[in-house]
2 protein chains.
Amino acid sequence: MGLTKTEMFTAEQNQLAQLLKAMAHPARIAILQRILLSNTCICGDLVDELGLAQATISQHLKELKNAGIIQGNIEGVSVCYCINPETWVLLEERIGGFLGAYKAPSSCC
Amino acid sequence: MGLTKTEMFTAEQNQLAQLLKAMAHPARIAILQRILLSNTCICGDLVDELGLAQATISQHLKELKNAGIIQGNIEGVSVCYCINPETWVLLEERIGGFLGAYKAPSSCC
DNA sequence: CCTATACATCGTATAATTGCAATATAACAA
DNA sequence: TTGTTATATTGCAATTATACGATGTATAGG
């Protein structure tokens with residue numbers, strides 16, 4: 001139905017899925033990498049650097065904002081975006097805990 | 001259009017996005033956690049443990065398989081699934097490199 | 001006030017995702 | 001062969017995602 005049954009899963013599972021989904025798009029990864037690269041806020045240049053329409057970029061930025069991964073500050077005419085430190089740390093913890101749970105098994109099928 | 005313009009991004013960005021998307025669903029996170037928990041292959045029990053229909057579980061398993069995150073081995077009547085070690089390591093490297101690129105800025109907007 | 005710039009939002013077309021019932025398949029048992 | 005068990009696949013309906021043109025909004029400069 002295109003409708004995820006979130007009520008069957010734990011809050012942690014849903015939250016991790018939501019964070020992963022917010023990043024699970026090459027454009028949004030590119031946006032985040034661009035923000036990470038400048039290590040500070042980045043204003044508007046994104047539209048010029050990625051090959052997508054302005055409306056599309058704005059939409060991706062909105063999704064990253066909704067997920068809490070980035071935050072935007074109005075800077076005169078333009079808007080500056082930067083990483084939300086709290087969410088980023090949470091993300092590292094959750095993903096680290098998830099991926100780190102894997103121990104190479106001694107024997108498997 | 002519901003069609004991602006993959007040609008505008010690097011192979012790494014597309015690959016990371018694809019891996020993240022494969023995990024970006026609470027049911028698939030639950031499946032992976034269940035596999036990680038037993039630290040070995042897990043046969044069929046998933047349908048009983050998650051509250052989703054058999055067809056739905058099978059579909060999620062297929063997506064995880066397509067992404068290369070898990071692999072399935074036929075074990076008589078049933079099928080055993082386990083983590084694909086190579087992909088898991090790749091995943092840790094890619095996500096680690098991505099998340100680790102963040103340095104808390106001294107000053108931001 | 002008028003214009004330009006920088007984004008955001010709306011509307012729309014298209015495509016992908018989610019979930020399940022029904023059905024198919026494959027292996028084993030009797 | 002017939003039936004049972006365990007998965008996979010198919011087909012469908014509902015929902016969400018992607019992308020963009022068009023339009024709205026807000027700030028700054030004249």
Side-chain angles (χ1 to χ4, degrees), chain A residues 1-9 13-14 17-31 34-35 41-67 69-82 109, chain B residues 1-9 13-14 17-31 34-35 41-67 69-82 109:
Chain A
M1 309 167 180
L3 212 180
T4 299
K5 291 195 162 182
T6 53
E7 73 277 5
M8 327 197 102
F9 308 102
Q13 288 168 338
N14 284 317
Q18 199 182 356
L19 288 170
L20 291 175
K21 193 165 71 171
M23 298 192 303
H25 191 286
R28 295 196 286 271
I29 288 175
I31 289 172
R34 182 65 189 74
I35 296 178
C41 300
I42 169 170
C43 310
D45 318 330
L46 291 165
V47 179
D48 305 315
E49 300 183 20
L50 305 181
L52 295 170
Q54 181 264 324
T56 308
I57 302 280
S58 186
Q59 210 171 307
H60 283 305
L61 286 168
K62 186 183 176 185
E63 274 186 69
L64 288 170
K65 247 191 302 183
N66 285 343
I69 297 175
I70 64 172
Q71 50 198 180
N73 302 75
I74 299 173
E75 198 81 13
V77 189
S78 55
V79 178
C80 291
Y81 292 99
C82 59
C109 30
Chain B
M1 308 168 184
L3 210 181
T4 300
K5 292 195 161 181
T6 53
E7 74 277 6
M8 327 198 101
F9 308 101
Q13 288 168 336
N14 284 317
Q18 199 182 355
L19 287 169
L20 290 175
K21 193 165 73 171
M23 298 192 302
H25 191 287
R28 294 196 286 272
I29 288 175
I31 288 173
R34 182 65 190 75
I35 295 179
C41 300
I42 169 169
C43 309
D45 318 329
L46 290 165
V47 179
D48 304 316
E49 300 184 20
L50 306 181
L52 295 171
Q54 180 265 325
T56 308
I57 301 281
S58 185
Q59 210 170 309
H60 284 305
L61 287 168
K62 188 182 175 185
E63 274 186 69
L64 288 170
K65 245 191 304 182
N66 285 343
I69 297 175
I70 63 171
Q71 51 197 179
N73 302 75
I74 300 172
E75 199 82 11
V77 189
S78 55
V79 178
C80 291
Y81 292 98
C82 58
C109 28

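What's counted below: heavy atoms across the whole structure, side chains too, no hydrogens, waters or symmetry copies. Chain A is the first sequence line, chain B the second, and so forth, proteins listed ahead of strands; every chain is numbered from 1.
Between the CD1 atom of A:Ile74 and the P atom of D:dA26 there is a distance of 10 Å, given to the nearest Å. Taking atom CG of A:Asp45 as the reference point, atom P of C:dT5 lies 16 Å away to the nearest angstrom. Following rounding to the nearest Å, A:Phe9 (CZ) and C:dG19 (C1') show an atom-to-atom distance of 11 Å. If you take CG of B:Asp48 and C1' of D:dT7, they are 13 Å apart, rounded to a whole angstrom. Atom P of nucleotide C:dC7 and atom CG of A:Leu50 are separated by 13 Å, given to the nearest angstrom. Atom NE2 in B:His25 sits about 18 Å away from atom P in C:dA16, given to the nearest Å. Atom CD1 in A:Ile31 sits roughly 10 Å away from atom P in D:dA19 (whole-Å rounding). If you measure from atom CG of A:Asn66 to atom C1' of D:dT16, you get 14 Å, rounded to the nearest angstrom.
Checking D:dC20, D:dA6, C:dG19 against every side-chain atom of A:Lys5, the shortest atom distance belongs to C:dG19. Of the candidates D:dT7, C:dC20, C:dC7, the closest approach to any side-chain atom of B:Ser78 belongs to D:dT7. In this structure, of C:dC20, C:dC7, D:dA19, it is D:dA19 that holds the atom nearest to the side chain of A:Gln59. In the set D:dT15, C:dC20, D:dT27, D:dT27 carries the atom at the smallest distance from any side-chain atom of A:Val77.
Along DNA chain C, the nucleotide closest to B:Lys21 and the one closest to A:Val47 are compared, and the more 5′ of them pairs with A:Val47. Along DNA chain D, the nucleotide nearest to A:Thr56 and the one nearest to A:Leu3 differ in position, and the one closer to the 5' end is contacted by A:Leu3.
Checking the phosphate oxygens (OP1, OP2) of C:dC7, no side-chain nitrogen or oxygen of A:His60 falls inside 4.0 Å. Note on A:Lys62: every side-chain N or O is 4.0 Å or more away from OP1 and OP2 of C:dC7. For the pair B:Tyr81 and D:dA6, the criterion of a side-chain N or O lying under 4.0 Å from OP1 or OP2 is not met.
Residue-level contact check: B:Ala55 touches the bases, meaning some heavy atom is under 4.0 Å from a base atom. In this structure, A:Leu52 reaches the sugar-phosphate backbone alone: every heavy-atom distance under 4.0 Å involves primed, P, OP1 or OP2 atoms, never a base. Residue-level contact check: A:Ser58 touches the bases, meaning some heavy atom is under 4.0 Å from a base atom. Across all strands, B:Thr4 comes closer than 4.0 Å only to sugar-phosphate atoms, never to a base (heavy-atom distances).
Put simply, the side chain of A:Lys5 reaches to within 4.5 Å of the side chain of A:Glu7, judged on heavy atoms.
Closest non-hydrogen pair, A:Ala30 versus A:Leu50, comes out as CB-CD2, 3.8 Å.
Atoms CE and CG, on B:Met8 and B:Asn14 in that order, are 11.5 Å from each other to the nearest 0.5 Å.
Side chain A:Gln54 to base D:dC20: no donor-acceptor pair is found below 3.5 Å.
A 6.0 Å sphere centred on CD of B:Gln71 holds more than 12 heavy atoms belonging to other residues, nucleotides or ligands.
Between B:Phe9 and A:His25, the two ring planes are perpendicular [angle over 60°; tilted spans 30° to 60°].
Checking side-chain atoms of A:Arg28 against main-chain N and O of A:Leu64 turns up no donor-acceptor pair under 3.5 Å.
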